[in-house]
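Here's the structure, in C-alpha cells; my notes come after.
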Amino acid sequence: SPTFRKDKLHRCNLLLSGDACVYVSRSTKTTKYTYVRLNDLKVGSVVNVYGVVVFFKQPFRSRGTDFCSSLKITDQSNQKISCTIFCDKVDSHPKIFQIGDIVRMHRFKAQFFKDTIMLVNTFGFSVMAFDGAVGGAMEPRTSSRTYHFDQDDQRAVEELRLWAANQGLLPLVPTTPLSAVQPKTYFNLTCQLLAKAPVDSTCTLLRVWDGTRCPRSLLKVIVEPNVTEGPSSLSSAKENLIANVLVYDNHVEFARQLKLGAFLRIYNLRAIPGSSKVPGLTSSQSEEVDHLAFHLHGGTAYGRGIRLLPENSPDVQELKRVIEAFEEDEDKVPELNDSEMLDVWCTPPESLGMRTDFVLMRDSNVCCLCSERSCSHNIQPVTLSELKRSEPGRDHHVRVQLRSYEPLRLHQALKLYCSKCETMQDVPDDELVAELFSEASRYSGPCTPPQWALSGQVSLMSEGKSKELIFLMGATLEETCRLADGYQNIVPVRPSGGHLALLDLSAPFLFRGRKRYYGCKQCSEAALTEVSAEGVQVIDEKVIAEALGVQLLQFVLLMKLKLQDATDTLDVFLWRDAELFFNVSAEDVAADQEAQSSICHTVESLCPAEGSTGMSVFNTHTHTHTIIFSVGVC
DNA sequence: TTAGGGTTCG
C-alpha cells in the first residue's frame with residue numbers, strides 16, 4: 001500500500017478466503033537517522049536529538065487524555081531545551097531514573113513557547129533512555145519491540161556521558177538512604193514497598209524500607225489492619241527500619257497500582273520533623289514529637305512523583321544487597337545456616353524430602369470450608385524443641401506463634417510444578433514472556449499452516465466460543481492478552497522450518513481468558529496437531545495440552561513460615577496442602593486479585609501483632625522425612 | 001487537547 005511507510009511496522013487485519021495467503025515482509029534495510037544539536041533547532045522542523053537530562057517529571061496525568069512527561073535536556077552545545085511528551089501509554093514515555101540520564105528522542109517537533117524554542121513529540125515518536133554514568137550499561141530503556149540502535153548510537157551515548165561527566169551534570173548522590181535523611185529537606189528515596197493502606201480519598205500510606213536505619217525515630221502511622229495490604233506486623237527489628245510515606249492527591253492513583261515488594265524511587269519526598277496531623281489515624285500520633293514524617297505532596301513541582309524501578313537496574317541490585325544483608329542478620333537460625341535455607345528455597349521439592357521439612361495444612365477448625373482432617377484433636381501439644389527431638393512418623397500438636405513468613409511478595413510464592421518430573425520452577429515474569437513473544441515475531445519466513453487450520457480475521461470480544469481454538473502468530477504478549485479477553489483458547493505460535501510451531505515453553509502455550517498455562521520443557525514433546533472437539537463439551541487446557549504433546553504444569557503455592565514457641569523456632573514449608581490451607585486454588589491466585597487478597601488476609605490473621613499473646617495450635621503429623629501440620633486456632 | 005519545571009492542605 002502506498003500509505004505504508006518504509007521501515008515502519010504496520011498492523012492490519014486480513015480477511016482471507018479460500019487458499020489465499022499473505023506474506024508481510026519486513027525490510028531489513030536500516031535507516032540512518034540524523035541527529036541535530038540542541039542549538040540548531042528550527043521552528044516547525046521535526047528532528048531527532050540526543051541529550052542529557054537536567055530536569056524531569058515522571059509521566060503524570062494531564063487534564064487531557066494523555067499522560068504528560070516533562071524534560072529539560074542539554075548537549076555539547078550547552079543549549080538547554082525543554083521537551084514535552086504527550087502519550088496515553090505510560091510505557092512509551094521516557095524511562096528517566098535520575099538527572100544525568102541520557103535520552104534519544106525521535107520525531108520531535110521544534111516549536112516556540114514564551115520566546116524560546118522547545119520540543120514536543122509528534123506522530124510516530126519514540127524515546128530511549130540510558131544510564132548517564134561513564135561506562136554504565138548500554139542497554140536502552142525502551143518499550144519498543146523493534147528498535148534501531150547501532151554503533152553510532154553507542155558512540156553518541158558514550159560521548160554525551162563523557163561530556164556530561166566533565167560538566168558535572170551527574171548528581172553526586174541521586175538518592176538519599178533513610179540513614180542519611182535530614183529533617184526539613186526534600187530528597188529522593190530508593191526503596192522497597194512492604195505494605196500500603198489507603199488513608200482517605202486524597203492520601204495513601206506507603207510503608208517502605210531501604211534496609212538502612214534512620215537515626216531519627218520515624219512517624220508511626222497506624223491504620224486499620226483490615227485496610228492494610230501486606231503484613232500488618234513485622235519483627236520489631238524490621239519495623240524500626242520502616243518509613244511511613246504519605247502520598248497525596250495525584251500520586252494516590254499511581255500508589256494504588258503499586259504491587260507489594262515493588263522497588264520504587266520517590267522523587268522530592270519531604271522529611272517533616274515533629275508532629276503533624278495525619279487523616280484517619282486511630283492513635284494519638286500528634287503527641288509524638290521527635291519523629292520524622294515523609295510526605296509526597298500533591299502536584300509535580302520539582303519533579304515530585306514515584307517511579308517503579310526495574311529489578312535489573314543497578315540501584316535495585318544494590319538495594320537488594322543491603323536488604324538481604326539485614327534479613328540474613330535477622331534470620332540467623334542456629335540449626336540451619338542461611339545458605340542451607342537458601343538452597344532449600346531454591347531446590348525443587350522432591351529433594352526437600354532429604355531434610356527434615358515441614359508442610360502445613362490448615363485445620364478444619366480454622367475454616368469450615370476445609371475438609372475434615374484425619375488426625376485427632378485430643379493429642380497433647382508438644383513444644384518445638386520436643387518436636388525437633390522426636391522421631392519421624394508421629395502425629396503432633398504444637399502451640400506456636402507464626403513469627404514471619406516468606407515470600408513477602410505473593411507472586412513469588414506461586415510456582416509451576418511438573419507432576420511428571422516432579423520439579424518446581426518460578427512463574428516466568430511478564431518481561432521475559434514479552435521478550436519471547438517479541439523474539440518469535442521477529443523470525444519470519446515462508447510458512448505453510450497445516451491443512452486443518454483456517455487462516456482469517458478475528459474480531460475482539462467474541463463470546464461463547466468455548467470450542468474454538470486460535471493459533472496466533474506474530475502478536476505481542478499484550479495483543480495476545482487482549483485477544484484472550486474475548487476468546488477462550490489462544491495458542492501462540494511461530495513459524496519454524498516452514499511450519500507452525502509452539503513458542504519456547506518458557507512462554508505460556510495457552511491463554512484462556514486471564515489464565516495462562518505453561519508446559520514442562522523437560523517432559524513435553526510439543527507438536528502442532530489438530531485438537532478435536534468431538535466428544536467434549538469444552539476444549540480445556542488438559543485437552544489442548546494433550547493434543548499438543550505438552551506436559552501441563554500445575555500452579556502450586558510454596559511458602560516458608562517461621563514458627564516460634566517459648567522453646568524454639570521452626571522453619572516450615574507450606575506446599576502440598578497450601579491450597580487447602582488457604583482455601584484458594586493456586587491457579588486462581590495466578591489470575592485473580594481476590595484470591596491473592598484472600599491469602600494475604602489468612603497469613604496476616606495468623607501472624608499475631610507485635611506484643612500480642614495470641615497463639616495458634618498446630619497439629620503435626622510426621623512421616624519419613626516430612627512433618628505435616630494441621631492447623632487450628634485456639 | 002493536555003503542559004509550558006520552580007515545593008505544602010496534609
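Computed from a predicted structure; not experimentally measured. Throughout, a chain's letter reflects where its sequence line sits, starting with A, and its residues are numbered from 1.
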Review point. Could you give all pairs that pass the side-chain hydrogen bond (donor to acceptor under 3.5 Å, both in side chains) test and reach residues 121-130 of chain A, with sequence neighbours left out?
Key: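 Every pair satisfying side-chain hydrogen bond (donor to acceptor under 3.5 Å, both in side chains) with a residue in residues 121-130 of chain A: there are none.
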
Tell me the interatomic distance from [X], atom [atom1], to [N], atom [atom2], rounded to whole angstroms.
X      : N      : atom1 : atom2 : value
A:K114 : B:dA3  : NZ    : P     : 13 Å
A:Q111 : B:dA3  : CD    : C1'   : 11 Å
A:N250 : B:dT8  : CG    : P     : 13 Å
A:I272 : B:dG10 : CD1   : P     : 8 Å
A:L269 : B:dG10 : CG    : C1'   : 14 Å

Check your understanding: Of all of residues 61-77 of chain A, which get a heavy atom below 4.0 angstrom from DNA chain B, listed by number?
Key -> A:S62, A:R63, A:G64, A:T65, A:D66, A:C68, A:K72

Exercise for review: Confirm from the modelled atom types if A:R270 and B:dT7 form a donor-acceptor pair under 3.5 Å, side chain to base only.
Suggested key: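 Absent.
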
Revision key, fill the gap. Given the 90°-from-0 boundary between syn and anti, B:dG6 should be labelled syn

Review point. Ring pair (Phe, Tyr, Trp, His ring centres under 6.0 Å): which pairs involve residues 152-183 of chain A, sequence neighbours left out?
Key: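 Every pair satisfying ring pair (Phe, Tyr, Trp, His ring centres under 6.0 Å) with a residue in residues 152-183 of chain A: there are none.
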
Practice item. Scan A:G303 against the nucleic acid and name what it touches under 4.0 Å (heavy atoms): base, sugar-phosphate only, or nothing. Key: nothing

Review point. Expressed as a whole number of Å, how far does the C1' atom of B:dG4 sit from that of B:dT8?
Key: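 So the two C1' atoms sit 22 Å from each other.
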
